[in-house]
Peer 1: 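Quick one: this structure, given as structure tokens, is what I'll be asking you about.
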Amino acid sequence: MAPRTGRALVDSIYQAMNARDLDALDDLFAPDFLDHQDGGRGVEPLKEQLRSFVAAFSDLRIEVDDVVCEGDRLATRTTVTGTHDGELMGLAPTAARVSVSAVDLVRTEDGRAAERWGGLDMYSLLIQLGVIPQPQSA
């Protein structure tokens with residue numbers, strides 16, 4: 001497979017995620033990919049995280065809102081939506097419909113994602129699932 005760059009790499013990654021084709025990610029991420037959010041090495045921890053979110057949100061969808069590409073860096077802002085119809089981190093299904101932002105910065109190498117910083121707005125997700133109360137106005 002020819003290396004993808006810039007927007008083509010971003011589109012390929014999110015298309016694979018939305019299609020639940022997690023094996024396609026093997027060709028889109030470097031073998032020694034480093035996720036600075038959780039310290040995971042390789043693409044397997046990311047695939048496992050995606051599996052757990054798909055199990056918790058069977059209609060999970062990721063929409064790409066913005067992409068900025070410069071040199072070997074890609075920045076994305078995405079919106080993740082879904083209905084909480086499965087267990088998530090020990091939390092029973094709530095049937096809540098969620099819409100949560102994510103921001104990621106990725107360093108690429110040889111047409112593959114090599115490092116990632118950023119991630120999903122977990123605070124907003126926990127509020128939408130009713131795990132923590134919504135902040136009150138003063």
Side-chain angles (χ1 to χ4, degrees):
M1 171 189 294
R4 293 177 173 89
T5 58
R7 182 66 193 237
L9 178 59
V10 169
D11 289 344
S12 295
I13 289 170
Y14 288 110
Q15 286 169 2
M17 289 178 178
N18 283 326
R20 314 293 192 259
D21 184 6
L22 301 185
D23 289 338
L25 298 177
D26 295 339
D27 292 327
L28 301 171
F29 287 79
D32 61 346
F33 169 74
L34 173 59
D35 190 334
H36 291 276
Q37 179 71 15
D38 60 16
R41 276 275 187 198
V43 72
E44 285 306 318
L46 173 64
K47 289 166 60 172
E48 188 55 39
Q49 182 181 50
L50 288 167
R51 283 185 199 99
S52 71
F53 268 82
V54 168
F57 302 90
S58 61
D59 60 347
L60 184 79
R61 179 104 183 123
I62 306 167
E63 292 295 326
V64 178
D65 301 312
D66 290 303
V67 177
V68 177
C69 306
E70 186 172 324
D72 67 348
R73 305 296 164 137
L74 306 171
T76 62
R77 183 178 62 85
T78 57
T79 301
V80 180
T81 58
T83 307
H84 183 215
D85 54 6
E87 184 177 309
L88 177 67
M89 300 178 289
L91 177 64
T94 63
R97 181 89 181 136
V98 301
S99 179
V100 181
S101 294
V103 176
D104 293 292
L105 175 64
V106 173
R107 183 183 66 80
T108 64
E109 186 176 283
D110 299 325
R112 293 177 167 188
E115 292 182 85
R116 172 187 169 260
W117 297 263
L120 189 68
D121 181 354
M122 291 298 289
Y123 179 69
S124 178
L125 177 63
L126 294 174
I127 288 172
Q128 292 179 47
L129 293 176
V131 174
I132 57 177
Q134 188 157 1
Q136 300 299 312
S137 300

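Residues: numbered from 1 along the sequence shown.
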Peer 1: Please tabulate, one pair per line, all N/O donor-acceptor pairs under 3.5 Å involving side-chain atoms of residues 49-57, not counting sequence neighbours.
Peer 2:
unit_1: Arg51; atom_1: NH1; unit_2: Glu48; atom_2: OE1; d: 3.3
unit_1: Ser52; atom_1: OG; unit_2: Gln49; atom_2: O; d: 2.8

Peer 1: Would you say that Gln37 contacts Leu46 through its side chain, given a criterion of any heavy-atom pair below 4.5 Å between the two side chains?
Peer 2: no

Peer 1: Looking only at non-hydrogen atoms, find the nearest pair between Glu87 and His84 and report the distance.
Peer 2: C-NE2, 4.4 Å

Peer 1: Give the minimum heavy-atom separation between Pro135 and Ile127, together with the two atoms involved.
Peer 2: CD-CD1, 3.7 Å

Peer 1: Atom CG of Leu28 and atom OG1 of Thr108: how far apart are they, to the nearest 0.5 Å?
Peer 2: 12.0 Å

Peer 1: Following the transitive rule for hydrophobic clusters with a side-chain heavy-atom cut-off under 4.5 Å over Ile, Leu, Val, Met, Phe, Trp and Tyr, establish whether Leu91 and Val80 coincide in one cluster.
Peer 2: yes

Peer 1: Are Leu88 and Leu129 packed together at the side-chain level, in the sense that at least one heavy-atom pair is separated by less than 4.5 angstrom?
Peer 2: yes

Peer 1: Are Leu120 and Ile132 joined in one hydrophobic group, where the rule is that I, L, V, M, F, W and Y side chains link up if heavy atoms are under 4.5 Å apart?
Peer 2: yes

Peer 1: Can you name the closest pair of heavy atoms from Ala96 and Gln128 and give their distance?
Peer 2: CB-O, 3.7 Å

Peer 1: Group every Ile, Leu, Val, Met, Phe, Trp and Tyr by side-chain heavy-atom contacts under 4.5 Å, then state whether Val67 and Phe29 land in the same group.
Peer 2: yes

Peer 1: Is there a path from Val131 to Tyr123 through hydrophobic residues (I, L, V, M, F, W, Y) whose side chains come within less than 4.5 Å of each other?
Peer 2: yes

Peer 1: Within the 4.5 Å heavy-atom criterion, are Glu109 and Asp72 side-chain neighbours or not?
Peer 2: no

Peer 1: Could you tell me if the side chain of Asp23 sits less than 4.5 Å from the side chain of Lys47, heavy atoms only?
Peer 2: yes

Peer 1: Quick check: do Asp27 and Ser12 have side-chain heavy atoms less than 4.5 Å from each other?
Peer 2: no

Peer 1: Set out, in order, the CA-CA distance, both residues' side-chain angles and the distance that settles side-chain contact (heavy atoms from CB on, under 4.5 Å) for Val68 and Arg77, then state yes or no.
Peer 2: CA-CA 9 Å; Val68 177; Arg77 183 178 62 85; over 6 Å; no

Peer 1: Rounded to the nearest 0.5 Å, what's the gap from CZ on Arg107 to CG on Leu74? Could you check?
Peer 2: 11.0 Å

Peer 1: Looking only at atom types and distance, does a side-chain atom of Arg20 sit under 3.5 Å from a main-chain N or O of Asn18, one as donor and one as acceptor?
Peer 2: yes

Peer 1: For the residue pair Asp26 and Glu44, establish whether any side-chain heavy-atom pair is separated by less than 4.5 Å.
Peer 2: yes

Peer 1: Determine the minimum heavy-atom distance between Ala113 and Val106, stating which atoms define it.
Peer 2: CB-CG1, 3.7 Å

Peer 1: Throw together a table of side-chain donor-acceptor distances under 3.5 angstrom for residues 98-105, partners on residues two or more places apart or in other chains.
Peer 2:
unit_1: Asp104; atom_1: OD1; unit_2: Arg116; atom_2: NE; d: 2.7
unit_1: Asp104; atom_1: OD1; unit_2: Arg116; atom_2: NH2; d: 3.0
unit_1: Asp104; atom_1: OD1; unit_2: Gly119; atom_2: N; d: 3.3

Peer 1: For Ile62 versus Thr78, what's the shortest heavy-atom pair and its separation?
Peer 2: CG2-CB, 3.8 Å

Peer 1: Looking at Leu25 and Ala16, what are the two nearest heavy atoms and their distance?
Peer 2: CD2-CB, 3.9 Å

Peer 1: Let me see the working for Val64 and Arg7 under side-chain contact (heavy atoms from CB on, under 4.5 Å), right down to the final yes or no.
Peer 2: CA-CA 11 Å; Val64 178; Arg7 182 66 193 237; 4.0 Å; yes

